[in-house]
Asks: 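Submitted below is the structure of interest, expressed as structure tokens.
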2 protein chains.
Amino acid sequence: MLIRYPEIYAAIKRLADVPPEQWRRLEGRLSVRRFKKGECFIEPGQPSLEAAIVMSGLFRFYYTDLDGREATKAFRGKGELLAAYAELLDKRPSRTTVEALEDSEIMTVRYERVTALYKDHACWQELGRVIAEDHYRQRERREQELLMDSATERYQTFMKDRPDLAARLPKKIIASYLGITPVALSRITAPTRTKTKRSA
Amino acid sequence: MLIRYPEIYAAIKRLADVPPEQWRRLEGRLSVRRFKKGECFIEPGQPSLEAAIVMSGLFRFYYTDLDGREATKAFRGKGELLAAYAELLDKRPSRTTVEALEDSEIMTVRYERVTALYKDHACWQELGRVIAEDHYRQRERREQELLMDSATERYQTFMKDRPDLAARLPKKIIASYLGITPVALSRITAPTRTKTKRSA
DNA sequence: GTAACGGATTAACATAGGTTAAGGACAAAT
DNA sequence: ATTTGTCCTTAACCTATGTTAATCCGTTAC
């Protein structure tokens with residue numbers, strides 16, 4: 001029996017040492033799902049049971065609060081993981097929305113299929129560990145930015161680190177990711193006065 | 001051979017299913033270290049090689065930026081883990097300070113002693129995974145607060161979730177954790193006007 | 001005891017970012 | 001071609017929080 005999705009397997013192998021015969025146990029459980037721009041993979045209140053890998057397209061994670069204000073938590077593109085991670089771990093319904101920003105295609109698997117493998121082979125524990133560590137780093141970095149950098153600095157960092165996304169995204173989404181309003185972002189990008197650093 | 005630190009072993013067992021014979025392999029590598037109030041377990045620029053468990057006392061993690069401003073990232077007390085986590089993972093020098101807020105005692109182990117065990121028994125991968133997942137949840141929760149809640153709301157959440165810490169900590173440290181100045185915190189706690197929600 | 005120091009509070013002022021509203025550009029729908 | 005809707009920008013005004021500085025209090029050092 002062959003590897004059916006060599007591209008996904010290669011992506012997984014980059015994270016953890018999953019041998020082919022283990023991979024085949026998961027591979028059979030994968031299903032393809034397609035999303036049109038604007039459709040949601042995860043909506044708040046839904047039980048959060050599936051994880052996925054993005055094959056093509058782009059997704060946005062965001063919180064919505066009681067007043068309807070949203071804050072964008074992350075973007076995920078090709079080869080990246082799609083899951084309401086904290087909610088999966090806690091088996092809680094999601095408070096997060098995961099929305100396709102472009103027409104997209106993903107491979108999904110029920111999360112319990114993965115956790116069921118934990119006891120059979122250390123490679124699955126390793127995969128879980130590496131993914132959790134990756135996620136941790138992203139969150140920590142962002143926490144530090146939110147705590148210490150002004151909106152202008154966060155904008156500059158974003159433009160430097162993710163020029164690809166900056167080009168693909170409407171500015172209001174970028175503003176939401178930076179934790180500011182579109183109006184505030186317009187002020188930052190306006191040509192006239194340049195303000196750079198939060199004062200000391 | 002007996003378990004030498006049953007209390008620590010019990011704490012570990014709560015996280016992952018580490019059998020006694022595996023635990024003994026790590027236990028022999030633990031060393032006790034003591035810190036007086038104000039001393040640092042980790043300082044910026046140091047290579048980050050050790051992880052530890054707090055036996056008694058209290059520690060504070062904080063970033064320092066170029067202008068010397070600090071932002072407190074987390075507190076860790078008895079039974080909790082002490083490590084510059086992202087820096088350990090990346091084998092980078094720490095950008096974080098970990099400072100004892102009270103006279104404290106910890107058990108340390110070189111991080112490589114732990115990673116060396118990963119290949120020998122799945123329980124260590126599991127432990128690593130569970131710890132990373134735990135850390136992830138903490139960061140994600142805080143990111144959401146910073147993104148969506150006003151300083152007043154963050155203060156109220158902190159007082160509700162960690163009344164124990166609120167009682168033990170000077171207010172300037174709490175302010176630093178909330179991402180505001182001591183002056184701003186004083187305003188929030190001032191008796192007169194009560195302001196609660198960020199407007200919609 | 002007194003001096004020195006660090007933390008907390010308050011006031012006065014400065015500024016970043018939010019809110020509202022209006023207008024313009026562009027795309028999709030009719 | 002007109003309409004509609006969405007996004008972007010700009011302006012005017014408002015509020016939360018930062019900054020600086022003065023004062024007070026409690027602790028530690030002398």
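Chain letters run A, B, ... following the sequence lines, proteins first, then strands; residues in each count from 1.
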Asks: Applying side chain to side chain donor-acceptor pair (under 3.5 Å), which residue pairs with at least one partner in residues 45-63 of chain B are found, sequence neighbours left out?
Replies: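 Residue pairs passing side chain to side chain donor-acceptor pair (under 3.5 Å), neighbours aside: B/R33-B/E50, B/E50-B/T108, B/R60-B/E70, B/R60-B/T72, B/R60-B/E99.
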Asks: Hey, what else clusters with A/V183 if you join Ile, Leu, Val, Met, Phe, Trp, Tyr whenever side-chain heavy atoms sit under 4.5 Å?
Replies: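 ILVMFWY cluster around A/V183 holds nothing else.
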Asks: Please give, in whole Å, the distance from C/dA8 P to B/I188 CD1?
Replies: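 In whole Å, C/dA8 P and B/I188 CD1 are 14 Å from each other.
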Asks: Which residues pass the side-chain contact (heavy atoms from CB on, under 4.5 Å) test with B/L81, not counting sequence neighbours?
Replies: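 For B/L81, the residues satisfying side-chain contact (heavy atoms from CB on, under 4.5 Å) (neighbours in sequence not counted) are B/I53, B/I131, B/H135.
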Asks: Could you check how far CG of B/L185 sits from P of D/dT17, rounded to whole Å?
Replies: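 The distance from CG of B/L185 to P of D/dT17 comes to 11 Å, rounded to the nearest Å.
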Asks: When you measure from the side-chain N and O atoms of A/K172 to the phosphate of D/dC7, is any distance below 4.0 Å, counting only OP1 and OP2?
Replies: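 So the side-chain polar atoms of A/K172 do come within 4.0 Å of the phosphate oxygens OP1 or OP2 of D/dC7, strictly under.
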Asks: Distance-only check: which donor-acceptor pairs under 3.5 Å involve side-chain atoms of residues 11-20 of chain A, not counting sequence neighbours?
Replies:
| unit_1 | atom_1 | unit_2 | atom_2 | d |
| --- | --- | --- | --- | --- |
| A/K13 | NZ | A/D17 | OD1 | 3.2 |

Asks: Under a 4.0 Å threshold between the charged nitrogen and the carboxylate oxygen, would A/R139 count as salt-bridged to A/E143?
Replies: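 Not counted as a salt bridge, because no side-chain N and carboxylate O are separated by less than 4.0 Å.
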Asks: Find the distance B/K37:NZ to C/dG6:P and express it as a whole number of Å.
Replies: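 In whole Å, C/dG6 P lies 13 Å from B/K37 NZ.
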Asks: Would you mind telling me which of C/dA8, D/dT19, D/dT17 lies closest to the side-chain atoms of B/I180?
Replies: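 Side chain of B/I180 sits closest to D/dT17.
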Asks: Name all residues meeting the salt bridge (Lys or Arg N to Asp or Glu O under 4.0 Å) criterion together with B/E105; count only those two or more places apart in sequence or in a different chain, and write none if there are none.
Replies: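 For B/E105 the salt bridge (Lys or Arg N to Asp or Glu O under 4.0 Å) partners, ignoring immediate neighbours, are B/R34.
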Asks: Shorter than 3.5 Å, N or O on both sides, protein versus nucleotides 11-14 of chain D: list them out with atom names.
Replies:
| unit_1 | atom_1 | unit_2 | atom_2 | d |
| --- | --- | --- | --- | --- |
| D/dA12 | N6 | A/R187 | NH1 | 3.4 |

Asks: Could you tell me how far apart A/L146 (CG) and C/dG17 (C1') are, to the nearest whole angstrom?
Replies: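 Nearest whole value for this atom pair: 15 Å.
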Asks: In whole angstrom, what separates B/D149's CG from D/dA16's C1'?
Replies: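 Distance, rounded to whole Å: 15 Å.
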Asks: Check side-chain hydrogen bond (donor to acceptor under 3.5 Å, both in side chains) between B/E112 and all other residues, then give those that pass, not counting sequence neighbours.
Replies: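 B/E112 satisfies side-chain hydrogen bond (donor to acceptor under 3.5 Å, both in side chains) with B/R110 only.
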Asks: Donor-acceptor pair, B/D103 side chain versus B/K36 backbone, under 3.5 Å?
Replies: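 Answer holds: no.
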Asks: Other than A/F35, what residues sit in its cluster of Ile, Leu, Val, Met, Phe, Trp and Tyr side chains whose heavy atoms are under 4.5 Å apart, directly or through others?
Replies: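 Reading the cluster by chain and number, A/F35 sits alongside A/F41, A/I42, A/V54, A/F59, A/F61, A/L82, A/V98, A/I106.
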Asks: To the nearest angstrom, how far is A/I173 atom CD1 from D/dC7 atom C1'?
Replies: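 To the nearest whole Å, that distance equals 11 Å.
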Asks: Under the side-chain hydrogen bond (donor to acceptor under 3.5 Å, both in side chains) test, which residues partner B/E39, sequence neighbours left out?
Replies: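 If we apply the side-chain hydrogen bond (donor to acceptor under 3.5 Å, both in side chains) test to B/E39, skipping adjacent residues, there are no hits.
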Asks: Expected output is a numbered-order residue list: members of residues 161-170 of chain A with a heavy atom under 4.0 Å from any atom of DNA chain C. What is it?
Replies: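 Listed by number, there are none.
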Asks: Please answer whether the main-chain N or O of B/G77 pairs with a side-chain N or O of B/E80 as donor and acceptor at a distance below 3.5 Å.
Replies: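 Yes.
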Asks: For the pair made of CG in A/L178 and C1' in C/dG17, what is the distance, rounded to whole Å?
Replies: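 Rounding to the nearest Å, CG of A/L178 and C1' of C/dG17 are 13 Å apart.
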Asks: Give me the bend of the helix from C/dG1-D/dC30 to C/dT30-D/dA1, using the axes of the five pairs at each end, rounded to 10°.
Replies: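 Both end axes considered, the difference amounts to 40°.
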Asks: A/T181 side chain N/O closer than 4.0 Å to the phosphate oxygens (OP1, OP2) of C/dG17?
Replies: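 For C/dG17, neither OP1 nor OP2 has a side-chain N or O of A/T181 closer than 4.0 Å.
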Asks: Round to the nearest Å and state the distance from A/R154 atom CZ to C/dG17 atom C1'.
Replies: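 These atoms are roughly 10 Å apart.
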Asks: Hey, could you give me each pair passing ring pair (Phe, Tyr, Trp, His ring centres under 6.0 Å) that has a residue in residues 139-169 of chain B? Not counting sequence neighbours.
Replies: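 Counting only pairs at least two positions apart or across chains, the ring pair (Phe, Tyr, Trp, His ring centres under 6.0 Å) contacts touching residues 139-169 of chain B are B/F158-B/Y177.
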Asks: Do any side-chain nitrogens or oxygens of B/S186 fall under 4.0 Å of OP1 or OP2 in C/dT10?
Replies: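 For C/dT10, neither OP1 nor OP2 has a side-chain N or O of B/S186 closer than 4.0 Å.
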